[in-house]
Amino acid sequence: MKQRTVTKTGGGGRVTKSRPLNPVGHEQLPDPDPDEYSALVRAAATGDQASMERLLMRAQEVAWRFSMSVCGHADDAEDAMQEALLKTYRYVGRISEPAAFRPWLYRTVRNACLMGRRKKVGEPARLQSIDDLLPGVDGPIRMDLPHPGRNPEQLADNAGLRRRLRQALRALPAPYRAIVFLREMEGLSTREVATVMEISEDNVKARLHRARVALQAELERER
Amino acid sequence: MKGATRPSARCRALLLELSQYLDGELTPARRRTIERHIGDCTGCGTMAGRLRKTLSACRAASETRLPRAVKSRAAARIRALLRH
């Protein structure tokens, strides 16, 4: 495997001996921390091709995961991911906050999904209002009594868990699905989610709660 | 709905703060209020417990691997970009 290094840049990047690039198809790389992304973005912005390649290779995992959650279909997700990588390549020099590259990338993926959205086969027929499932300020709240056989804790194993979560997530409207993904699975803060989704933090909190309750209801419904 | 319960207005108001409670985003005083209510109210306590487990399930299942074919095409595209 080739060894590549990130070189020190005038923009404040640090000298780092990078890990070997994994060949295509080998184990998934852990997500870089913000500092590593920051260094890669700064280096790539100066024209460092090795850093640009590394940045794009790491970004594709993140972009794929999010585009799948927003688009819901592999073909659309791949198109959105490719578009986001292309934008990263073209506009890396214009990213004003290198340390906030991940939220920038999510926002770019989301915009790519929105622009590329078209009538999809298999989109859940019941894109019902999430209000049908959730507590409202004034309306009735549906709250089932506990049912011993329908407990998220009793999902059989990891593979089964992931399958059922994917199904439950697919049943959510896309904006709510994206918020759950960003917050629960990618670990973004409320503020970062607000930046990606271009809504207020209060809105993020409200939608997140509604999405979580809907997700729980879906998980317990699937039997 | 079988077994459905109509919570009180107080329960309804507190349920809207459940997510913030689980995320640790409430003031200490507000957190204590909700904890007391969850301890006293079977329905809300159960709801909080189930929601907590749902969040744990999400976090445990967070990994979605990039399919090999997609990764291969993306890598080819990246290499093509860098050649220009």
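Throughout, protein chains are lettered first and strands after them, A, B, ... in sequence-line order, and every chain is numbered starting at 1.
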Q: Using the side chain to side chain contact (heavy atoms under 4.5 Å, CB included) rule, take B/L82 and A/Y89 through it: C-alpha gap first, then chi angles, then the decisive distance, then the call.
A: CA-CA 9 Å; B/L82 295 174; A/Y89 174 78; 3.8 Å; yes

**Q.** Pairwise distance CZ(B/R79) to CE(A/M57) - rounded to 0.5 angstrom
**A.** 7.0 Å

Q.
Please classify the contact between A/R183 and chain B as side chain, backbone, both or neither, with a heavy-atom cut-off of under 4.5 Å.
A. side chain

Q. Just wondering, do A/E184 and B/T54 contact through their side chains at under 4.5 Å, heavy atoms?
A. no

Q | Pair A/L86-B/R77, side chain to side chain contact (heavy atoms under 4.5 Å, CB included): steps then yes or no | A | CA-CA 9 Å; A/L86 183 61; B/R77 180 94 184 251; 3.7 Å; yes

Q. Could you state the interatomic distance from CZ (B/R73) to CD (A/Q60), rounded to the nearest 0.5 Å?
A. 11.5 Å

Q. Should B/D23 and A/K205 count as an ion pair when the cut-off is N to O under 4.0 Å?
A. no

Q: Mind running side chain to side chain contact (heavy atoms under 4.5 Å, CB included) on A/M81 and B/V70 for me, showing each step along the way?
A: CA-CA 10 Å; A/M81 179 193 74; B/V70 174; 3.7 Å; yes

Q | Contact class of A/S69 relative to chain B, heavy atoms under 4.5 angstrom | A | neither

(Q) If I take atom CD from residue A/Q49 and atom CG from residue B/L81, how far apart are they, to the nearest 0.5 angstrom? (A) 9.5 Å

Q.
I need the residue from B/L18, B/L22, B/L55 with the largest number of non-hydrogen atom pairs under 4.5 Å to chain A.
A. B/L55

Q. Measuring from B/C58:SG to A/Q216:CD, what's the distance to the nearest 0.5 Å?
A. 10.5 Å

(Q) With rounding to the nearest 0.5 angstrom, report the NE2 to CG distance, A/H209 to B/L15. (A) 6.5 Å

Q.
Any non-hydrogen side-chain atom of B/E25 less than 4.5 Å from a side-chain atom of A/T190?
A. yes

Q | Exercise: identify the closest heavy-atom pair between B/A74 and A/L85 | A | CB-CD1, 4.4 Å

Q) Going from CG on A/L208 to CD on B/Q20, what distance comes out if it is rounded to the nearest 0.5 angstrom? A) 9.5 Å

